[in-house]
Student: 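The structure's right below; bear with me while I get my questions together.
Note: hydrogens, waters and symmetry copies are ignored here, and every other heavy atom, side chains too, is used. No experiment lies behind these values; they were computed from the predicted model shown.
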Amino acid sequence: MENSLRFASVDIGSNAVRLFFSYVFETSEGPVFKKASLIRLPIRLGEDSFHKKQIPEAKIRQLVSALKGFKHMMEAFNVISYRACATSAMRDSLNGKEIVDRVFKESGIKIELIDGEAEAALIFESHIAEKIGTNESFIYMDVGGGSTEFTLFNEGQKTLSRSFNIGTIRLKDDLVEQHTWKELKVWLIEIKSIYKPSLIIGSGGN
(Lines give C-alpha, C1' and ligand atoms only; values in the text may rest on other atoms or scores of the structure.)
Protein backbone atom coordinates (compact mmCIF):
# COMPACT_ATOMS: atom_id res chain seq x y z
CA MET A 1 0.00 0.00 0.00
CA GLU A 2 1.19 3.48 -0.82
CA ASN A 3 2.33 5.85 1.95
CA SER A 4 2.57 3.09 4.50
CA LEU A 5 5.39 1.68 6.58
CA ARG A 6 5.75 -2.09 6.82
CA PHE A 7 6.52 -4.01 9.99
CA ALA A 8 6.61 -7.67 11.02
CA SER A 9 6.45 -9.65 14.23
CA VAL A 10 7.41 -13.24 15.01
CA ASP A 11 5.72 -15.11 17.85
CA ILE A 12 7.49 -18.33 18.87
CA GLY A 13 4.89 -19.98 21.05
CA SER A 14 4.41 -23.38 22.64
CA ASN A 15 1.99 -24.58 19.97
CA ALA A 16 2.91 -22.61 16.88
CA VAL A 17 5.31 -20.13 15.32
CA ARG A 18 3.64 -17.14 13.70
CA LEU A 19 4.74 -14.40 11.34
CA PHE A 20 2.55 -11.31 11.22
CA PHE A 21 2.84 -8.50 8.68
CA SER A 22 1.31 -5.08 9.26
CA TYR A 23 0.94 -1.81 7.36
CA VAL A 24 1.28 1.33 9.49
CA PHE A 25 -0.13 4.66 8.37
CA GLU A 26 0.70 7.99 9.96
CA THR A 27 -2.42 10.10 10.58
CA SER A 28 -3.22 13.30 12.44
CA GLU A 29 -4.66 11.16 15.25
CA GLY A 30 -1.62 8.90 15.48
CA PRO A 31 -0.50 5.68 13.78
CA VAL A 32 -3.09 3.32 12.28
CA PHE A 33 -2.29 -0.38 11.93
CA LYS A 34 -3.73 -2.59 9.21
CA LYS A 35 -3.15 -6.35 9.01
CA ALA A 36 -1.41 -7.47 5.83
CA SER A 37 -0.89 -11.19 6.41
CA LEU A 38 -0.48 -13.90 9.05
CA ILE A 39 1.41 -17.17 8.63
CA ARG A 40 1.14 -19.94 11.26
CA LEU A 41 3.27 -23.08 11.50
CA PRO A 42 2.31 -25.70 14.18
CA ILE A 43 5.82 -26.70 15.31
CA ARG A 44 4.66 -27.44 18.89
CA LEU A 45 7.84 -26.77 20.86
CA GLY A 46 5.99 -27.22 24.14
CA GLU A 47 5.43 -30.93 23.60
CA ASP A 48 9.11 -31.55 24.36
CA SER A 49 9.96 -28.55 26.51
CA PHE A 50 7.29 -29.18 29.15
CA HIS A 51 7.96 -32.93 29.39
CA LYS A 52 11.73 -33.15 28.96
CA LYS A 53 12.83 -29.56 29.70
CA GLN A 54 14.74 -29.78 26.42
CA ILE A 55 13.86 -29.05 22.79
CA PRO A 56 15.28 -31.84 20.57
CA GLU A 57 17.46 -31.41 17.50
CA ALA A 58 14.65 -32.30 15.08
CA LYS A 59 12.44 -29.50 16.42
CA ILE A 60 15.37 -27.06 16.44
CA ARG A 61 16.06 -27.76 12.76
CA GLN A 62 12.37 -27.29 11.99
CA LEU A 63 12.34 -23.96 13.84
CA VAL A 64 15.52 -22.76 12.11
CA SER A 65 14.07 -23.67 8.69
CA ALA A 66 10.85 -21.81 9.50
CA LEU A 67 12.69 -18.68 10.59
CA LYS A 68 14.95 -18.75 7.55
CA GLY A 69 11.77 -18.71 5.48
CA PHE A 70 10.34 -15.90 7.58
CA LYS A 71 13.48 -13.86 7.04
CA HIS A 72 13.16 -14.20 3.25
CA MET A 73 9.48 -13.22 3.41
CA MET A 74 10.28 -10.15 5.51
CA GLU A 75 12.87 -9.10 2.94
CA ALA A 76 10.37 -9.66 0.12
CA PHE A 77 7.72 -7.63 1.97
CA ASN A 78 10.31 -4.89 2.53
CA VAL A 79 9.70 -4.45 6.26
CA ILE A 80 11.60 -1.65 7.96
CA SER A 81 11.67 -3.39 11.35
CA TYR A 82 10.57 -6.54 13.14
CA ARG A 83 10.44 -8.05 16.61
CA ALA A 84 10.73 -11.76 17.38
CA CYS A 85 9.72 -13.07 20.82
CA ALA A 86 9.75 -16.56 22.32
CA THR A 87 7.48 -17.41 25.23
CA SER A 88 6.78 -20.30 27.62
CA ALA A 89 8.24 -23.31 25.75
CA MET A 90 11.54 -21.64 24.93
CA ARG A 91 12.00 -19.90 28.28
CA ASP A 92 11.32 -23.15 30.17
CA SER A 93 13.68 -25.21 28.02
CA LEU A 94 17.20 -25.79 29.33
CA ASN A 95 18.61 -25.21 25.84
CA GLY A 96 16.48 -22.15 25.08
CA LYS A 97 19.37 -19.67 25.04
CA GLU A 98 21.43 -22.04 22.93
CA ILE A 99 18.60 -22.17 20.38
CA VAL A 100 18.38 -18.36 20.34
CA ASP A 101 22.10 -18.16 19.46
CA ARG A 102 21.79 -20.84 16.78
CA VAL A 103 18.76 -19.23 15.16
CA PHE A 104 20.56 -15.90 14.94
CA LYS A 105 23.67 -17.52 13.49
CA GLU A 106 21.78 -19.50 10.84
CA SER A 107 18.88 -17.21 9.96
CA GLY A 108 19.90 -13.73 11.09
CA ILE A 109 16.73 -13.38 13.19
CA LYS A 110 17.31 -12.12 16.73
CA ILE A 111 14.92 -13.73 19.24
CA GLU A 112 14.00 -12.21 22.60
CA LEU A 113 13.29 -14.73 25.35
CA ILE A 114 10.61 -12.85 27.28
CA ASP A 115 9.21 -13.65 30.72
CA GLY A 116 5.55 -13.86 31.64
CA GLU A 117 5.35 -10.24 32.77
CA ALA A 118 6.77 -8.99 29.46
CA GLU A 119 4.35 -11.28 27.61
CA ALA A 120 1.41 -9.78 29.50
CA ALA A 121 2.71 -6.28 28.71
CA LEU A 122 2.78 -7.09 24.99
CA ILE A 123 -0.79 -8.33 25.14
CA PHE A 124 -1.72 -5.03 26.80
CA GLU A 125 -0.37 -3.22 23.75
CA SER A 126 -3.41 -4.49 21.80
CA HIS A 127 -5.31 -1.66 23.57
CA ILE A 128 -8.16 -4.00 24.44
CA ALA A 129 -9.50 -1.53 27.02
CA GLU A 130 -9.97 1.15 24.39
CA LYS A 131 -11.93 -1.26 22.18
CA ILE A 132 -14.25 -2.24 25.01
CA GLY A 133 -14.84 1.36 26.01
CA THR A 134 -15.72 0.84 29.66
CA ASN A 135 -14.44 2.41 32.85
CA GLU A 136 -15.44 -0.61 34.90
CA SER A 137 -12.81 -3.00 36.23
CA PHE A 138 -12.32 -6.16 34.18
CA ILE A 139 -9.70 -8.85 33.55
CA TYR A 140 -8.27 -9.70 30.14
CA MET A 141 -7.06 -13.31 29.94
CA ASP A 142 -4.95 -14.69 27.09
CA VAL A 143 -4.58 -18.50 27.05
CA GLY A 144 -1.50 -19.92 25.34
CA GLY A 145 -0.06 -23.38 25.00
CA GLY A 146 2.30 -23.04 27.95
CA SER A 147 1.03 -20.12 30.02
CA THR A 148 -1.95 -17.86 30.61
CA GLU A 149 -1.53 -14.12 31.02
CA PHE A 150 -3.97 -12.05 33.09
CA THR A 151 -4.18 -8.27 32.90
CA LEU A 152 -6.43 -6.24 35.19
CA PHE A 153 -7.87 -3.00 33.80
CA ASN A 154 -9.31 -0.45 36.20
CA GLU A 155 -10.93 2.77 34.98
CA GLY A 156 -9.55 2.12 31.51
CA GLN A 157 -5.96 1.73 32.68
CA LYS A 158 -3.71 -1.29 33.10
CA THR A 159 -3.37 -1.85 36.83
CA LEU A 160 -1.88 -5.31 37.35
CA SER A 161 -0.67 -8.26 35.29
CA ARG A 162 0.34 -11.80 36.10
CA SER A 163 1.43 -14.89 34.18
CA PHE A 164 0.77 -18.49 35.27
CA ASN A 165 2.17 -21.71 33.82
CA ILE A 166 -1.28 -22.94 32.84
CA GLY A 167 -1.72 -23.52 29.10
CA THR A 168 -3.44 -25.85 26.69
CA ILE A 169 -0.47 -28.20 26.24
CA ARG A 170 0.23 -28.36 29.98
CA LEU A 171 -3.48 -29.02 30.63
CA LYS A 172 -3.76 -31.70 27.95
CA ASP A 173 -0.72 -33.53 29.33
CA ASP A 174 -1.63 -33.00 33.01
CA LEU A 175 1.50 -30.92 33.67
CA VAL A 176 -0.02 -28.06 35.68
CA GLU A 177 1.21 -28.31 39.26
CA GLN A 178 -1.25 -27.95 42.14
CA HIS A 179 0.61 -25.02 43.69
CA THR A 180 0.13 -23.11 40.40
CA TRP A 181 -3.65 -23.57 40.59
CA LYS A 182 -3.56 -22.38 44.20
CA GLU A 183 -1.52 -19.29 43.29
CA LEU A 184 -4.01 -18.45 40.54
CA LYS A 185 -6.98 -18.88 42.89
CA VAL A 186 -5.43 -16.71 45.61
CA TRP A 187 -4.55 -14.00 43.07
CA LEU A 188 -8.05 -13.93 41.57
CA ILE A 189 -9.72 -13.82 45.01
CA GLU A 190 -7.51 -10.88 45.98
CA ILE A 191 -8.28 -9.06 42.73
CA LYS A 192 -12.00 -9.70 43.21
CA SER A 193 -12.01 -8.35 46.78
CA ILE A 194 -10.09 -5.17 45.95
CA TYR A 195 -11.21 -4.20 42.43
CA LYS A 196 -14.50 -6.12 41.96
CA PRO A 197 -14.04 -6.73 38.21
CA SER A 198 -17.32 -7.00 36.31
CA LEU A 199 -16.11 -9.60 33.80
CA ILE A 200 -13.24 -11.63 32.40
CA ILE A 201 -12.56 -11.45 28.65
CA GLY A 202 -10.65 -14.41 27.25
CA SER A 203 -8.68 -14.97 24.06
CA GLY A 204 -6.46 -17.72 22.73
CA GLY A 205 -4.97 -19.14 19.56
CA ASN A 206 -6.32 -22.68 20.02
Side-chain angles (χ1 to χ4, degrees), residues 1-49 55 57-91 93 95-131 140 142-147 149 151 163 167-169 203-206:
M1 294 185 177
E2 294 183 4
N3 302 319
S4 66
L5 303 175
R6 300 181 181 192
F7 293 86
S9 62
V10 179
D11 174 15
I12 303 170
S14 304
N15 265 313
V17 179
R18 300 174 182 86
L19 172 63
F20 179 78
F21 288 116
S22 180
Y23 298 106
V24 182
F25 303 87
E26 290 289 352
T27 72
S28 58
E29 298 180 353
V32 174
F33 297 82
K34 183 175 178 60
K35 175 183 174 181
S37 183
L38 173 65
I39 298 165
R40 180 183 186 277
L41 300 176
I43 295 180
R44 307 195 190 287
L45 298 175
E47 289 181 346
D48 297 286
S49 175
I55 296 173
E57 176 62 24
K59 285 285 177 73
I60 296 173
R61 288 199 302 267
Q62 193 177 0
L63 177 63
V64 170
S65 294
L67 294 179
K68 282 181 178 179
F70 285 3
K71 183 69 179 300
H72 289 310
M73 283 185 274
M74 285 192 284
E75 291 172 352
F77 192 62
N78 197 29
V79 302
I80 65 170
S81 185
Y82 75 90
R83 187 176 184 185
C85 295
T87 55
S88 186
M90 285 272 283
R91 69 176 174 247
S93 176
N95 59 343
K97 291 183 179 179
E98 175 187 325
I99 295 171
V100 169
D101 293 339
R102 180 168 167 182
V103 165
F104 182 70
K105 182 179 179 180
E106 297 190 29
S107 73
I109 289 183
K110 183 178 180 181
I111 298 173
E112 297 175 49
L113 273 177
I114 61 173
D115 59 22
E117 185 175 342
E119 189 173 353
L122 282 175
I123 293 166
F124 168 68
E125 292 300 322
S126 65
H127 299 286
I128 186 71
E130 296 173 10
K131 297 173 185 176
Y140 180 58
D142 185 70
V143 183
S147 64
E149 278 62 50
T151 303
S163 176
T168 56
I169 294 177
S203 68
N206 300 296

Student: Can you check whether Lys110's main-chain N or O pairs, donor with acceptor, with Tyr82's side chain at less than 3.5 Å?
Tutor: yes
Student: Specify the closest pair of heavy atoms between Ser88 and Ser14, including all atoms of both residues, with the distance to one decimal.
Tutor: CB-OG, 3.7 Å
Student: Is there a side-chain contact between Val79 and Phe7 (heavy atoms, below 4.5 Å)?
Tutor: no
Student: Once rounded to the nearest 0.5 Å, what's the spacing between atom CG of Leu38 and atom CG of Leu19?
Tutor: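 Nearest 0.5 Å value for the CG-CG distance: 8.0 Å.
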Student: Is there a donor in the side chain of Glu149 and an acceptor in the side chain of Ser147, or the other way round, less than 3.5 Å apart?
Tutor: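 Distance-only check passes for Glu149 and Ser147.
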Student: Return a table of donor-acceptor pairs under 3.5 angstrom between the side chains of residues 102-109 and protein atoms on other chains or two or more places apart.
Tutor:
| from | atom 1 | to | atom 2 | distance (Å) |
| --- | --- | --- | --- | --- |
| Arg102 | NE | Glu106 | OE2 | 3.0 |
| Arg102 | NH1 | Glu57 | OE1 | 2.9 |
| Arg102 | NH1 | Glu57 | OE2 | 3.2 |
| Arg102 | NH2 | Glu57 | OE2 | 2.8 |
| Ser107 | OG | Val103 | O | 2.7 |
| Ser107 | OG | Ile109 | N | 3.2 |

Student: At what distance, to the nearest 0.5 angstrom, does CG of Asn15 lie from CD1 of Ile169?
Tutor: 4.0 Å
Student: May I ask you to test the Phe21-Arg6 pair for a side-chain heavy-atom distance under 4.5 Å?
Tutor: no
Student: Would you confirm whether Ser49, through its side chain, and Ala89, through its main-chain N or O, come within 3.5 Å as a donor-acceptor pair?
Tutor: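 Checking the backbone N and O of Ala89 against the side chain of Ser49, a donor-acceptor pair under 3.5 Å is found.
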Student: So, taking the atom named CD in Glu47 and the one named CD1 in Ile55, what distance separates them when rounded to the nearest 0.5 Å?
Tutor: 11.5 Å
Student: Measure the CD1-CG distance between Ile114 and Asp11 for me, rounded to the nearest 0.5 Å.
Tutor: 8.0 Å
Student: Which pairs pass salt bridge (Lys or Arg N to Asp or Glu O under 4.0 Å) with one or both residues in residues 78-91, sequence neighbours excluded?
Tutor: Arg83-Glu112, Arg91-Glu119
Student: Which atom names give the shortest non-hydrogen contact between Leu113 and Gly96, and what distance separates them?
Tutor: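 Nearest heavy atoms, Leu113 then Gly96: CD1-C, 4.1 Å.
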Student: Using distance only, find each side-chain donor-acceptor pair of residues 58-70 under 3.5 Å and give its atom names and separation, not counting sequence neighbours.
Tutor:
| from | atom 1 | to | atom 2 | distance (Å) |
| --- | --- | --- | --- | --- |
| Lys59 | NZ | Ile43 | O | 3.4 |
| Lys59 | NZ | Arg44 | O | 3.0 |
| Lys59 | NZ | Asp48 | OD2 | 3.1 |
| Ser65 | OG | Arg61 | O | 3.0 |

Student: Quick check for you: to the nearest 0.5 Å, what is the distance between Arg18 atom CZ and Cys85 atom SG?
Tutor: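 Here the interatomic distance stands at 13.0 Å.
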